[in-house]
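For reference, the structure is listed below as C-alpha cells.
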Protein chains: 2
Amino acid sequence: MGIDILKSKLKEHGKRITPQRIVVYNTLKESTIHPNAEELHQEIIKKHPNISLATVYQILNLFEDELRIVKSISTNHIKHYDIRSEFHIHTICPKCGEIEDIYSDKIKLFWENLIEELRLKPEDQIIKIYQVCSACSKKKEI
Amino acid sequence: MGIDILKSKLKEHGKRITPQRIVVYNTLKESTIHPNAEELHQEIIKKHPNISLATVYQILNLFEDELRIVKSISTNHIKHYDIRSEFHIHTICPKCGEIEDIYSDKIKLFWENLIEELRLKPEDQIIKIYQVCSACSKKKEI
DNA sequence: CTCCGTGCAAATGGTTTGCATCTTA
DNA sequence: TAAGATGCAAACCATTTGCACGGAG
C-alpha cells in the first residue's frame with residue numbers, strides 16, 4: 001500500500017528506491033508519536049542497526065522538501081515529523097512538549113471557509129494550539 | 001505607553017528594569033518585519049552599540065517564556081519574534097521565508113467559535129499559512 | 001558500469017552558558 | 001550593598017556537509 005506510493009513518488013522525482021528510504025517511510029507510518037530525527041533513528045536501528053543518523057536527516061529532508069510526503073513541526077529547536085496527509089491540527093503541551101493530533105470535520109470546514117474568505121491559496125498550513133496536556137494538568141504544581 | 005506595560009510586567013515577575021530590556025522592547029515594537037535575534041541585534045546596535053547578542057537572546061527568552069509578551073515563529077531553525085498581541089495569523093513564503101501578518105475580525109470570530117465548539121482551552125496558538133509571496137511569484141522560474 | 005545514496009566524522013551556526021564585571025533596587 | 005543583569009567567549013547540540021565507499025538502475 002503505502003510503499004507503492006513512496007516508490008512512485010521517488011520515481012516521479014528521479015530518485016532511487018533504497019532500503020533506507022523504505023525503512024524511514026515505514027517507521028514514520030507506524031509511529032504513534034511525532035518523532036524527531038533522533039527518535040526516529042533510535043526506533044529504526046532496533047531492526048536496522050546500520051542506518052546512520054545523517055542518512056535519516058537526509059531522507060527526512062528529501063521527504064519534506066522534494067517529495068512533500070512529510071511535514072515538520074518545530075518545538076524549541078527540534079523538528080518533529082508528521083506523515084499524516086489528512087487535514088488536522090496539533091496541540092502542543094507547553095510543559096512537556098507532547099504533540100497530539102486533532103482531526104475534525106468542523107476544523108476542516110472552518111479552514112476551508114477561512115481561506116476562501118481571505119482569498120488565499122495556501123500550499124500548506126500549520127495550526128498549533130498550545131494547551132497543557134491532560135497528564136501535565138494532573139501533576140501538582142509546587 | 002508601551003513601556004509602562006513592560007515595566008509593570010517586569011515588576012510583577014520580580015525582574016529589574018534595565019536599559020537593554022527597554023531597548024529590545026521598543027525595537028521590537030517599532031519593527032515592521034518579524035526579526036530574528038540577529039536582525040534585532042543589528043537594528044539595536046545602530047543606536048546602542050554596547051548591547052551584546054547574548055543579552056538580546058536572554059531578553060527574548062524572558063519576554064517569551066516568563067513575561068509572555070512576545071511569541072516566536074520558527075522558520076527553518078531560526079526563531080522570528082512577534083510582539084503583536086492582537087489575534088492574527090501568519091503567511092510564510094516557502095521560497096524566501098518572508099512572514100506577513102493577517103488581521104481579520106472574521107478569522108478571530110471563526111477561531112473563537114471553533115475553540116468553543118471543540119472545548120479547547122488554548123493558552124496560545126500559532127496559525128501559519130505557507131504561500132508564495134507576491135514578490136517571489138513575480139520572479140520567473142528557470 | 002555509472003552515478004546516486006550512504007556512512008562516517010568533521011564542520012556549521014543559531015542559541016545557551018560560565019564567569020567576571022557592572023547595575024538596579 | 002547584595003542579588004540580578006550584562007558582555008564576552010567558549011560550549012552546546014541539532015543539523016548539514018565532504019568525501020570515500022557501496023549499491024541501484
Side-chain angles (χ1 to χ4, degrees), chain A residues 3 6-27 34-45 47-67 70-81 97 99, chain B residues 3 6-27 34-45 47-67 70-81 97 99:
Chain A
I3 294 184
L6 173 64
K7 287 182 179 172
S8 63
K9 281 269 184 187
L10 286 170
K11 279 180 187 164
E12 184 186 323
H13 289 263
K15 300 293 176 182
R16 292 181 177 170
I17 296 162
T18 68
Q20 290 88 340
R21 286 169 178 174
I22 291 173
V23 169
V24 167
Y25 182 85
N26 283 335
T27 309
H34 295 77
N36 59 32
E38 181 78 44
E39 289 165 340
L40 190 60
H41 181 243
Q42 285 301 317
E43 187 60 33
I44 287 170
I45 58 175
K47 293 186 179 173
H48 305 83
N50 303 325
I51 299 184
S52 79
L53 180 56
T55 299
V56 171
Y57 274 106
Q58 288 164 139
I59 292 174
L60 287 171
N61 285 340
L62 172 71
F63 284 5
E64 183 173 21
D65 300 332
E66 296 194 61
L67 307 195
V70 304
K71 277 164 74 170
S72 66
I73 311 149
S74 346
T75 59
N76 301 323
H77 297 166
I78 303 174
K79 277 183 164 184
H80 291 257
Y81 288 89
I99 302 170
Chain B
I3 295 184
L6 173 63
K7 288 182 179 173
S8 62
K9 280 270 186 186
L10 287 168
K11 280 181 187 164
E12 186 186 323
H13 289 263
K15 300 292 176 183
R16 292 181 177 170
I17 297 162
T18 67
Q20 290 88 341
R21 286 170 180 173
I22 290 173
V23 169
V24 167
Y25 183 85
N26 283 336
T27 309
H34 295 78
N36 60 30
E38 182 77 42
E39 289 165 340
L40 190 60
H41 181 243
Q42 286 301 316
E43 187 61 31
I44 287 171
I45 58 174
K47 294 186 178 172
H48 305 84
N50 303 324
I51 299 185
S52 79
L53 180 56
T55 299
V56 171
Y57 273 107
Q58 289 164 132
I59 291 175
L60 287 171
N61 285 340
L62 172 71
F63 284 5
E64 182 174 21
D65 300 333
E66 297 193 60
L67 307 195
V70 305
K71 277 163 74 170
S72 66
I73 310 149
S74 353
T75 58
N76 303 323
H77 297 166
I78 304 175
K79 277 182 165 184
H80 291 256
Y81 289 88
I99 302 171

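The chains referred to below are lettered A, B, ... by the order of the sequence lines, with proteins before strands, and numbering in each begins at 1. What you see below is based on every heavy atom in this structure, not just the backbone, and it leaves out hydrogens, waters and symmetry mates.
More than 12 heavy atoms of other residues, nucleotides or ligands sit less than 6.0 Å from atom NZ of B:Lys9.
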Test log, rule side-chain contact (heavy atoms from CB on, under 4.5 Å), inputs A:Leu67 and A:Glu12: CA-CA 9 Å; A:Leu67 307 195; A:Glu12 184 186 323; over 6 Å; no

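The CD1-C1' distance, from B:Ile17 to C:dT23, rounds to 13 Å in whole Å. Rounded to an integer number of Å, the gap from A:Leu53 CG to D:dA14 C1' is 9 Å. Remark: P of C:dG18 and OH of B:Tyr57 are 18 Å apart, rounded to the nearest angstrom. For the pair B:Ile78 CD1 and D:dT16 C1', the interatomic distance rounds to 14 Å; values are reported in whole Å. To the nearest angstrom, C1' of C:dA25 lies 10 Å from NZ of B:Lys11. Look at NZ on B:Lys79: it is 16 Å from C1' on C:dG13, rounded to the nearest Å. What separates CD1 of B:Ile22 from P of D:dT6 is a distance of 11 Å, to the nearest Å. Atom NE2 of B:His13 is separated from atom C1' of D:dG4 by 16 Å (rounded to the nearest Å).
Between B:Asn61 and C:dT16, a side-chain N or O to OP1/OP2 separation shorter than 4.0 Å is present.
Side chain of A:Glu43 to backbone of A:Leu40: no donor-acceptor contact under 3.5 angstrom is found. Counting only distance, with no hydrogens or angles, the side chain of A:His41 and the backbone of A:Ile51 share a donor-acceptor pair below 3.5 Å. Looking at B:Gln42, its side chain never comes within 3.5 Å of a backbone N or O of B:Glu38 through a donor-acceptor pair.
In this structure, of C:dT15, C:dT17, D:dT17, it is C:dT17 that holds the atom nearest to the side chain of B:Ala54.
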Please produce a list of atom pairs where a protein N or O lies less than 3.5 Å from an N or O of nucleotides 3-6 of chain C.
| from | atom 1 | to | atom 2 | distance (Å) |
| --- | --- | --- | --- | --- |
| C:dC3 | O2 | A:Arg16 | NH1 | 3.3 |
| C:dC3 | O2 | A:Arg16 | NH2 | 3.4 |
| C:dC4 | O4' | A:Arg16 | NH1 | 3.2 |
| C:dC4 | O4' | A:Arg16 | NH2 | 3.3 |
| C:dC4 | O2 | A:Arg16 | NH1 | 3.3 |
| C:dG5 | OP1 | A:Arg16 | N | 3.4 |
| C:dG5 | OP1 | A:Arg21 | NH1 | 3.1 |
| C:dG5 | OP1 | A:Arg21 | NH2 | 3.3 |
| C:dT6 | OP1 | A:Thr18 | OG1 | 2.8 |
| C:dT6 | O3' | A:Gln20 | NE2 | 2.9 |

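A:Asn36 comes within 4.0 angstrom of no nucleic acid atom, judged by non-hydrogen atoms across all strands.
Judged purely by distance below 3.5 Å, without hydrogens or angles, the side chains of B:Thr55 and B:Gln20 never pair a donor atom with an acceptor atom.
Considering only residues two or more places apart in sequence or on other chains, B:Thr27 meets the side chain to side chain donor-acceptor pair (under 3.5 Å) condition with none of them.
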